[in-house]
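Down below is the structure, laid out as structure tokens.
Every number for a ligand or one of its atoms is a count from 1 in the order of the listing.
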Amino acid sequence: MSEAEDFASLERRGWADEDTAAAYARDFARAAAMAVPHLVSETKAGPGMHVIDLCCGHGIVAGGLIDAGATATGLDFSPAMLRIARSALPLADFVEGDAMATPFEDASFDAATMGFGMPHVPDPPAAMREARRILKPGGRFAYSVWHDTVRSAFTYVFDAIGVHGSPEIALPPGPGATDYADPARAFPAMEEAGFSDLRITEVDSRWVVTKPDAPIDFFIEGTVRGGALLRPQPPANEKAIRSAVAETVKANHGPSAPWDLPMPSVVVSGRAA
Ligand SMILES: C[S@@+](CC[C@H](N)C(=O)[O-])C[C@H]1O[C@@H](n2cnc3c(N)ncnc32)[C@H](O)[C@@H]1O
């Protein structure tokens with residue numbers, strides 16, 4: 001990452017990387033998959049409905065929508081992610097584009113989903129407004145986002161970076177990774193975007209791992225934000241971060257493998273007015 005790189009270009013460049021896309025789909029998404037049934041049920045997706053899946057990544061949510069009998073269109077700005085999605089789901093339609101300014105007409109879709117995309121767009125309220133614009137009145141929009149609880153693989157990693165990471169390494173300013181998990185922030189933003197009947201559901205998503213520092217690898221290899229904080233760490237800092245995560249995992253979840261780590265998320269949803 002160059003010093004001058006802003007959040008939007010960090011995200012775009014990062015997700016375009018084939019290895020990051022493949023590692024996200026292989027490892028990180030094991031926890032993301034657990035939110036899919038909730039995204040599908042919160043939008044009431046089913047036969048006869050055409051659903052847009054924003055920030056579709058490797059197609060995990062589109063797959064759930066198709067399994068529920070809906071027709072799915074996925075949109076993502078990463079050609080690497082879209083390649084994986086197209087090969088996994090030949091029945092869905094995938095479009096390259098930006099979730100804050102999609103190429104679709106007003107009121108094109110019966111429902112909309114966004115799996116773990118909200119903290120990646122530079123302006124999450126703009127993405128909510130765009131979802132509202134392309135939804136038919138009455139259609140539901142549901143998005144998932146990681147929950148920042150005191151005891152999760154997410155906090156194990158970011159707490160360890162906070163304590164042992166090099167102070168020289170920082171992310172460009174952008175939305176907080178878990179900002180829109182908090183209903184105090186999410187609901188007013190959704191309301192302002194034109195959604196009512198707001199709901200939030202907690203999802204007990206998890207990673208089962210056989211190495212206590214596996215979450216570090218998941219973040220280094222399969223995420224943009226985590227990768228940008230972890231990849232440039234000097235070896236001594238990376239070693240200390242790994243040890244801290246491994247120790248926390250063993251202290252909280254027992255001394256031996258496998259470790260069943262909480263990686264909780266929430267699904268926020270609303271109805272287009
Ligand atoms: C964390 S992944 C989520 C993938 C998948 N939806 C899931 O639930 O696992 C975030 C995805 O959002 C995409 N993305 C980030 N910012 C975007 C934007 N502004 N417009 C479209 N896609 C974006 C990335 O390319 C990546 O595929």
Side-chain angles (χ1 to χ4, degrees), residues 6-40 42-43 45 51-67 72-86 88-89 92 94-104 112-131 134 141-147 154 171-172 174-175 177-178 180-181 203 205 207 218-228 263 265-268:
D6 66 14
F7 180 80
S9 51
L10 168 71
E11 284 281 331
R12 191 175 274 272
R13 181 181 59 77
W15 289 114
D17 179 71
E18 301 275 352
D19 293 338
T20 303
Y24 178 87
R26 184 187 64 230
D27 296 323
F28 209 93
R30 281 153 46 191
M34 296 175 187
V36 171
H38 300 271
L39 289 165
V40 173
E42 286 298 315
T43 53
V51 187
I52 177 69
D53 180 35
L54 300 163
C55 297
C56 65
H58 59 301
I60 195 171
V61 184
L65 295 166
I66 289 172
D67 289 346
T73 295
L75 174 133
D76 202 285
F77 67 11
S78 160
M81 282 292 200
L82 291 172
R83 258 191 295 281
I84 303 175
R86 287 185 178 119
L89 287 171
F94 289 101
V95 175
E96 189 175 329
D98 190 322
M100 294 183 302
T102 71
F104 308 115
T113 51
M114 181 189 270
F116 300 97
M118 208 51 90
H120 298 286
V121 298
D123 184 355
M128 293 174 187
R129 289 193 295 275
E130 183 65 358
I134 61 178
F141 171 48
Y143 71 84
S144 54
V145 63
W146 303 112
H147 197 325
F154 191 96
L171 292 173
T178 58
Y180 290 89
V203 181
S205 27
W207 279 327
F218 294 177
F219 274 93
I220 288 186
E221 292 168 12
T223 72
V224 171
R225 195 187 303 243
M263 186 65 180
S265 54
V266 297
V267 169
V268 174

Q) In the protein, what heavy atom is nearest to atom 5 (C) of ligand 1, and what distance, to one decimal place, separates them? A) Gly115 O, 3.5 Å
Q) Of all the non-hydrogen atoms in the protein, which one sits nearest to atom 1 (C) of ligand 1, and at what distance? A) Phe116 O, 3.3 Å
(Q) Can you confirm whether the side chains of Ser265 and Ser205 place a donor and an acceptor under 3.5 Å from each other? (A) yes
Q.
Using a plain distance cutoff, I'd like to know if Asp98 has any nitrogen or oxygen under 3.5 Å from a nitrogen or oxygen of ligand 1.
A. yes
Q) Hey, does Tyr24 come in under 3.5 Å of ligand 1, counting only N/O atoms on both sides? A) yes
Does only the side chain of [X] get under 4.0 Å from ligand 1, or the backbone, or both, or neither? Count heavy atoms.
{"X": "Cys56", "value": "backbone"}
{"X": "Cys55", "value": "both"}
{"X": "His120", "value": "both"}

Q: Specify whether Phe28 and Tyr24 have parallel, tilted or perpendicular ring planes, treating 30° as the upper limit for parallel and 60° as the lower limit for perpendicular.
A: parallel
Q. How are the rings of Phe218 and Trp207 set relative to one another: parallel (under 30°), tilted (30 to 60°) or perpendicular (over 60°)?
A. perpendicular
Q) Which is closest to atom 15 (C) of ligand 1 in terms of heavy atoms, Phe77, Trp146, Tyr143? A) Phe77
Q) Should Ala33 be listed as contacting ligand 1, given a heavy-atom distance under 4.0 Å as the test? A) no
